[in-house]
Amino acid sequence: PLDGPEAMAVNGYRRTEDPPGAARIEIYHASRLVPLSECLPKLENLGLKVIEEQAHSARPRGEERDAWVHDFYALDAAGGDLDLRAVKAPLEETLA
């Protein structure tokens with residue numbers, strides 16, 4: 001849950017059809033659109049090459065205001081495979 005107007009949550013995952021070097025990162029923010037210029041340097045410093053981002057608002061059930069969802073698709077910048085199980089927790093902690 002996103003408790004409070006500045007609350008944020010992060011989820012790293014991979015779809016079954018994604019290549020082994022890919023990662024998808026969802027960033028949820030309780031009250032604002034996070035500027036791309038704040039996200040990209042952090043993702044690049046983690047060794048990721050961001051290919052695309054989609055952002056949209058959604059109203060959580062029972063809430064009075066919209067929350068924002070950012071969905072990133074990224075690849076390993078070095079062109080290798082990503083062990084998502086190994087990097088998931090550090091990735092989520094760093095971005096949160």
Side-chain angles (χ1 to χ4, degrees):
L2 296 173
D3 300 328
E6 290 303 312
M8 199 169 136
V10 180
N11 179 41
Y13 68 100
R14 181 180 293 133
R15 293 181 184 164
T16 55
E17 67 269 16
D18 288 340
R24 294 186 186 261
I25 302 104
E26 291 176 323
I27 299 175
Y28 308 93
H29 196 283
S31 63
R32 71 178 176 99
L33 182 67
V34 180
L36 192 54
S37 61
E38 287 180 23
C39 300
L40 278 180
K42 292 176 184 177
L43 293 167
E44 289 173 344
N45 284 336
L46 290 169
L48 297 172
K49 179 183 194 178
V50 177
I51 304 303
E52 71 178 44
E53 184 236 4
Q54 296 178 2
H56 61 276
S57 63
R59 175 130 336 149
R61 196 173 315 167
E63 294 293 324
E64 295 181 13
R65 67 174 163 240
D66 288 349
W68 288 90
V69 180
H70 300 266
D71 193 1
F72 293 93
Y73 175 70
L75 299 173
D76 177 76
D81 291 349
L82 283 174
D83 182 355
L84 195 57
R85 287 177 289 194
V87 300
K88 181 176 171 61
L91 173 94
E92 292 172 355
E93 288 174 24
T94 299
L95 293 173

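Because only heavy atoms are used, hydrogens play no part in the values below, and waters and symmetry mates are left out as well, while side chains stay in. If you read the sequence from its start, that first residue is 1, and numbering goes on from there.
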Exercise for the section: State which residues pass salt bridge (charged side-chain N to carboxylate O under 4.0 Å, His left out) with Arg15; sequence neighbours excluded, sorted by chain then number. Expected result: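 For Arg15 there are no salt bridge (charged side-chain N to carboxylate O under 4.0 Å, His left out) partners, ignoring immediate neighbours.
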Practice task
Using the test side-chain hydrogen bond (donor to acceptor under 3.5 Å, both in side chains), find all partners of Arg24 that sit at least two apart in sequence or belong to another chain.
Solution key: Asp18
Exercise for the section: Not counting sequence neighbours, which residues clear side-chain hydrogen bond (donor to acceptor under 3.5 Å, both in side chains) with Arg59? List them please. Expected result: Asp66
Exercise for the section: For the residue pair His70 and Glu53, confirm or rule out a side-chain donor-acceptor distance under 3.5 Å. Expected result: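 There is such a pair (donor and acceptor under 3.5 Å, judged by atom type) between the side chains of His70 and Glu53.
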Sequence neighbours left out, cut at 3.5 Å: what donor-acceptor pairs do the side chains of residues 72-82 make with other protein atoms?
unit_1: Asp76; atom_1: OD2; unit_2: Ala78; atom_2: N; d: 3.1
unit_1: Asp76; atom_1: OD2; unit_2: Gly79; atom_2: N; d: 3.1
unit_1: Asp76; atom_1: OD2; unit_2: Gly80; atom_2: N; d: 2.8

Validation: residues 31-51 side-chain donor-acceptor distances under 3.5 Å, sequence neighbours left out:
unit_1: Ser31; atom_1: OG; unit_2: Pro5; atom_2: O; d: 2.4
unit_1: Asn45; atom_1: ND2; unit_2: Pro41; atom_2: O; d: 3.3

Exercise for the section: Scan for side chain to side chain donor-acceptor pair (under 3.5 Å) pairs involving residues 86-96, sequence neighbours excluded, and state none if there are none. Expected result: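 Every side chain to side chain donor-acceptor pair (under 3.5 Å) pair that includes a residue of residues 86-96, provided the two are not neighbours, is Asn11-Lys88, Lys88-Glu92.
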Exercise for the section: Could you identify which residues cluster with Leu84, counting Ile, Leu, Val, Met, Phe, Trp and Tyr as linked when any side-chain heavy atoms lie under 4.5 Å apart, either directly or through a chain of such contacts? Expected result: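 Same cluster as Leu84: Val87.
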Handout entry: Single-linkage hydrophobic cluster Leu91~Met8, side-chain heavy atoms < 4.5 angstrom
Key =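 Per the 4.5 Å side-chain linkage, Leu91 and Met8 are co-clustered.
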